[in-house]
Amino acid sequence: VVTGTPIGELDTPALLVDLAGFERNLARLADFSRRTGVAVRPHAKSHKSPLVARKQLDLGAIGITCSKLGEAEVLVDGGITEGILVSSEVVGPRKGERLIALAQRAGVTVVVDDPENAAELSAAAERAGLRLDVLVEVNVGQERCGVLPGAPAADLAEHVGRLPGLRFRGLQGYVGHLQGVRDLAERTARCNAAMTQLVDTRRLIESRGLPVNIVSTAGTGTHEIAAEFHPGITEVQPGSYVWMDASYARVEGTPFESALSVFVSVVSRQRPGQAIVDAGWKALSTDAGNPSVKGRPDLTYAPAGDEHGRITGDDLPPLGGKLEMLPSHCDTTVNLYDRFHCVRDGRLEEVWPVAARGATQ
Ligand SMILES: Cc1ncc(COP(=O)(O)O)c(C=O)c1O
């Protein structure tokens with residue numbers, strides 16, 4: 001595809017980035033960081049792109065968070081070598097070796113929630129002659145990974161601190177269960193409780209004589225709330241804010257705009273009241289519900305198979321007509337595409353690879 005191509009001529013389905021909205025979203029998080037003093041380490045799981053990561057770093061991010069080791073490897077290969085935080089536990093000898101190999105060529109920190117895993121990583125780091133930076137992951141209510149707050153987290157921190165191949169740097173306490181709580185008052189109250197647990201755990205560890213340099217938490221829906229706990233909380237790791245999605249659009253008080261869509265075409269108009277488009281489960285994720293139709297609240301979308309979607313409404317586009325869909329979940333939709341088509345003023349400006357697409361190992 002040629003730069004300058006009018007959007008209407010792009011082949012479909014295509015993942016579109018509204019560059020102006022995207023740039024404003026990046027600027028908003030950078031402003032937040034300046035205003036509050038809270039550092040940002042944006043999560044790459046939403047964009048999977050070293051190019052986007054570079055823009056985030058250029059705007060003052062202190063590093064980039066990655067959900068998987070494979071994602072981190074792609075970012076490092078793409079030149080992002082500072083401040084990489086792997087926010088999921090890396091377990092097993094083979095993965096441990098890969099992590100250490102990565103730490104030999106980039107600044108890498110990893111989370112742990114288990115003493116044996118920590119010992120295994122320490123041994124691998126020692127064999128390679130380095131010390132690996134580690135955050136103890138604390139379960140502050142998500143009930144996913146993480147050791148319990150308070151004494152269990154402090155005990156693990158001390159264990160990490162004693163291991164010769166590791167350097168205890170602090171805590172991660174992510175609140176994934178709260179990002180999508182729509183009501184701002186409820187989200188604030190629940191997030192405050194989680195942040196209190198996290199900051200209390202920090203204090204307990206410090207009272208045992210161990211310095212805590214990093215307390216990393218929060219995402220798009222909770223970063224403003226977590227910032228009230230600065231300096232107990234040192235950094236936040238929002239991901240979805242770069243694009244937003246139809247789910248986040250319903251969450252009260254998220255100061256970002258929709259900047260990602262999937263461009264689709266009508267491929268069949270054989271039944272009254274419905275238009276079939278060329279985007280089904282393989283083009284639009286539905287784990288967070290159905291996508292919505294951008295600018296057309298009168299139309300609804302439902303998947304109609306792997307390759308098809310059903311648009312219903314009264315005023316439907318003709319055969320060959322185009323629509324823009326707003327993904328219900330940006331992360332899982334981005335992972336379905338090889339490239340972003342970046343658009344400004346109705347024309348294609350750039351194409352960026354989704355470099356870490358599928359890098360889930
Ligand atoms: C550990 C961790 N941090 C940060 C995020 C980013 O969250 P969001 O995309 O809601 O900003 C996620 C998302 O799942 C996550 O798992």
Side-chain angles (χ1 to χ4, degrees), residues 41-50 52-53 63-139 142-148 152-153 155-174 176 214 216 237 239 287 331-332 334-338 353-361:
R41 201 187 301 264
H43 213 304
K45 70 198 291 287
S46 309
H47 57 68
K48 296 177 160 284
S49 158
V52 175
I64 300 292
T65 309
C66 297
S67 48
K68 292 296 185 78
L69 179 55
E71 212 168 78
E73 288 169 337
V74 172
L75 285 197
V76 172
D77 288 344
I80 308 299
T81 54
E82 282 313 301
I84 301 272
L85 168 62
V86 181
S87 66
S88 305
E89 283 70 12
V90 174
V91 174
R94 162 104 184 84
K95 277 218 166 75
E97 298 292 344
R98 264 173 64 202
L99 178 68
I100 299 304
L102 194 68
Q104 283 175 310
R105 55 194 190 103
V108 174
T109 302
V110 72
V111 300
V112 301
D113 69 358
D114 178 85
E116 276 181 35
N117 175 226
E120 196 170 74
L121 292 177
S122 172
E126 264 197 296
R127 283 195 295 277
L130 63 80
R131 288 190 91 170
L132 181 66
D133 285 339
V134 164
L135 303 184
V136 166
E137 181 162 28
V138 187
N139 174 9
Q142 190 176 14
E143 312 299 346
R144 188 170 67 180
C145 302
V147 68
L148 286 173
D155 292 347
L156 183 56
E158 282 183 328
H159 171 73
V160 168
R162 283 191 296 265
L163 289 168
L166 304 186
R167 190 184 294 119
F168 172 73
R169 299 279 289 140
L171 304 173
Q172 170 176 280
Y174 179 58
I214 297 173
S216 192
Q237 32 178 268
D287 54 284
D331 307 52
T332 48
V334 165
N335 196 46
L336 298 171
Y337 288 84
D338 286 329
V354 184
R357 176 188 183 189
T360 52
Q361 292 188 329

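The analysis underlying the following values was restricted to heavy atoms, covering all of them including side chains, and did not include hydrogens, waters or symmetry mates.
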Taking the side chain as every heavy atom from C-beta outward, state whether D114 and E89 have any atom pair closer than 4.5 Å.
no
Looking at CZ of R162 and OG of S122, how far apart are the two atoms once the value is rounded to the nearest 0.5 Å?
12.0 Å
From CG (L156) to CG (L148), nearest 0.5 Å:
11.5 Å
For the pair H47 (side chain) and V52 (backbone), establish whether a donor and an acceptor sit closer than 3.5 Å, ignoring hydrogens and angles.
no
Rounded to the nearest 0.5 Å, what's the gap from OG1 on T65 to CG on L75? Could you check?
10.0 Å
Any side-chain heavy-atom pair from N335 and V354 closer than 4.5 angstrom?
no
Donor-acceptor pair, T109 side chain versus L85 backbone, under 3.5 Å?
no
Is the backbone of S87 close enough, under 3.5 Å, to the side chain of Q172 for a donor and an acceptor to pair up by distance?
yes
To the nearest 0.5 Å, what is the distance between OG1 (T360) and NZ (K45)?
12.5 Å
Pair V147-V112, side-chain contact (heavy atoms from CB on, under 4.5 Å): steps then yes or no
CA-CA 9 Å; V147 68; V112 301; over 6 Å; no
Hey, is the main chain of I64 close enough, under 3.5 Å, to the side chain of R41 for a donor-acceptor pair?
no
Contacts of N139 that satisfy side-chain hydrogen bond (donor to acceptor under 3.5 Å, both in side chains) - sequence neighbours left out
E143
If the condition is side-chain hydrogen bond (donor to acceptor under 3.5 Å, both in side chains), which residues does Q361 pass it with, not counting sequence neighbours?
none
Got a sec, which pairs hit salt bridge (Lys or Arg N to Asp or Glu O under 4.0 Å) with one end in residues 67-85, sequence neighbours left out?
K48-E71, E73-R98, D77-R105
CZ of F168 to CG of D133, rounded to nearest 0.5 Å, is 11.0 Å
